[in-house]
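One structure is given here, and the rest of the page talks about it.
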Amino acid sequence: MKSFLSILTVVAAIIGLWYAACVPMNIHEAAMQAQRAGAEVTPETAPERRKMGRIALMVKNPQLWGTVYAQDRPQLPAPHQVGAELWKTTWGMVEKGRAFSKRSLLLHGWITLSATLLGFAFGTLLGIVLAVSIVHSRAMDMSVMPWIIASQTVPILAIAPMIVVVLAALQVDDLIAKGVISMYLSFFPVVVGMVKGLRSPDGMQMDQMRTWYASRSQTFWKLRLPSSMPYLFASLKVGVAASLIGAVVAELSLSQNGGLGARLLAGSYYGQTVQIWSALLAAAALAAVLVWAIGVAQNITLKRMGFTR
């Protein structure tokens with residue numbers, strides 16, 4: 001109960017700050033709309049208002065504060081505007097029988113989720129294979145690990161269009177292309193966490209396996225792999241979030257196929273800030289669900305293995 005109240009308090013504080021930030025962000029547009037409607041605004045001209053600044057404009061025109069929450073294209077939409085957009089593009093579409101229309105966030109969320117899960121599966125498999133190779137081969141550790149670290153210094157926004165162009169030339173399906181970009185971000189935390197986990201058994205445990213004349217494969221399956229499970233699940237939580245980011249970035253280059261990234265791009269093209277924020281919150285909610293699902297799998301797996309009671 002205390003943890004729930006703590007979360008509720010943090011959420012309420014964030015929403016309160018969000019509402020407060022809407023006033024200075026939207027005050028200029030509210031002043032222009034009020035002036036067009038014939039209301040008195042101080043100062044009267046837009047250039048003078050821009051010179052005055054947001055805070056001074058708020059102080060001189062408190063009558064505008066309420067209108068900053070009801071604009072069609074605000075610089076910063078209010079929480080209730082974003083919530084209404086989320087409802088309209090999800091359950092509202094379901095009620096109309098258009099759950100998977102092009103305006104539905106359910107369709108775009110499903111497209112992004114498909115690419116995320118595919119890239120996450122690729123990244124997890126690649127990360128585990130590389131980690132096992134690095135732990136069991138000093139040559140791999142000395143040669144491959146630095147390149148793995150260096151690969152993450154390349155901005156994903158720079159290489160995503162290149163990957164899309166190359167794979168399109170090879171006539172690779174767009175879903176696979178997005179999965180490859182997601183894999184690029186998701187495999188790194190899995191490699192790092194798995195290497196740490198496979199090396200977590202201490203010297204006494206390794207010596208004990210040697211006294212039992214255990215082979216390298218027996219040591220791996222009986223000691224190293226079970227010891228790495230807590231590290232692996234912690235890495236998977238980071239990896240699935242990174243995979244979602246990769247899918248959204250890939251959709252910026254493949255916007256014609258839809259997805260939350262395409263929704264963000266369309267909103268930025270047409271100045272639909274409410275649409276942008278609703279897509280952002282939908283992506284955040286999707287990431288939270290994926291991390292929660294991995295957390296549930298972690299609790300079940302570790303409990304069965306005897307790590308937790």
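The chain is numbered in sequence order, starting from 1. Remember, predicted model here, so these are calculated numbers, not experimental data. Worth knowing before you read on, the calculation uses all heavy atoms, side chains too, and leaves out hydrogens, waters and symmetry mates.
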Under 3.5 Å: donor-acceptor pair, side chain of [X], backbone of [Y]:
| X | Y | result |
| --- | --- | --- |
| Gln275 | Arg263 | yes |
| Thr153 | Ala150 | yes |
| Ser182 | Ala247 | yes |
| Tyr69 | Pro79 | no |
| Glu29 | Asn26 | no |
| His108 | Lys102 | yes |
| Ser228 | Gly197 | no |
| Trp18 | Pro77 | yes |
| Glu85 | Val82 | no |
| Gln81 | Ala78 | yes |

Can you tell if the side chain of [X] reaches within under 4.5 Å of the side chain of [Y], non-hydrogen atoms only?
| X | Y | value |
| --- | --- | --- |
| Phe120 | Leu244 | no |
| Met183 | Ser243 | no |
| Val164 | Ile181 | yes |
| Thr116 | Thr112 | yes |
| Met93 | Lys88 | no |
| Glu251 | Leu265 | no |

- Not counting sequence neighbours, list each pair that qualifies as a ring pair (Phe, Tyr, Trp, His ring centres under 6.0 Å) and has a residue in residues 139-194. none

- Could you list all the salt bridge (Lys or Arg N to Asp or Glu O under 4.0 Å) pairs where at least one residue sits in residues 209-224, not counting sequence neighbours? Asp207-Arg210

- Kindly state each residue pair satisfying salt bridge (Lys or Arg N to Asp or Glu O under 4.0 Å) with at least one member in residues 118-141, sequence neighbours excluded.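 Qualifying pairs: Asp141-Arg199.
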
- Please determine, by modelled atom types, if Gln75 and Thr273 share a side-chain donor-acceptor pair under 3.5 angstrom.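 Side-chain D/A pair, Gln75 to Thr273: absent.
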
- Query: Just wondering, are more than 12 heavy atoms of other shown residues or ligands nearer than 6.0 Å to CH2 in Trp91?
  - Reply: no

- Query: Hey, any chance Val180 and Leu157 share a hydrophobic cluster, counting ILVMFWY side chains that come within less than 4.5 Å of each other, even indirectly?
  - Reply: yes

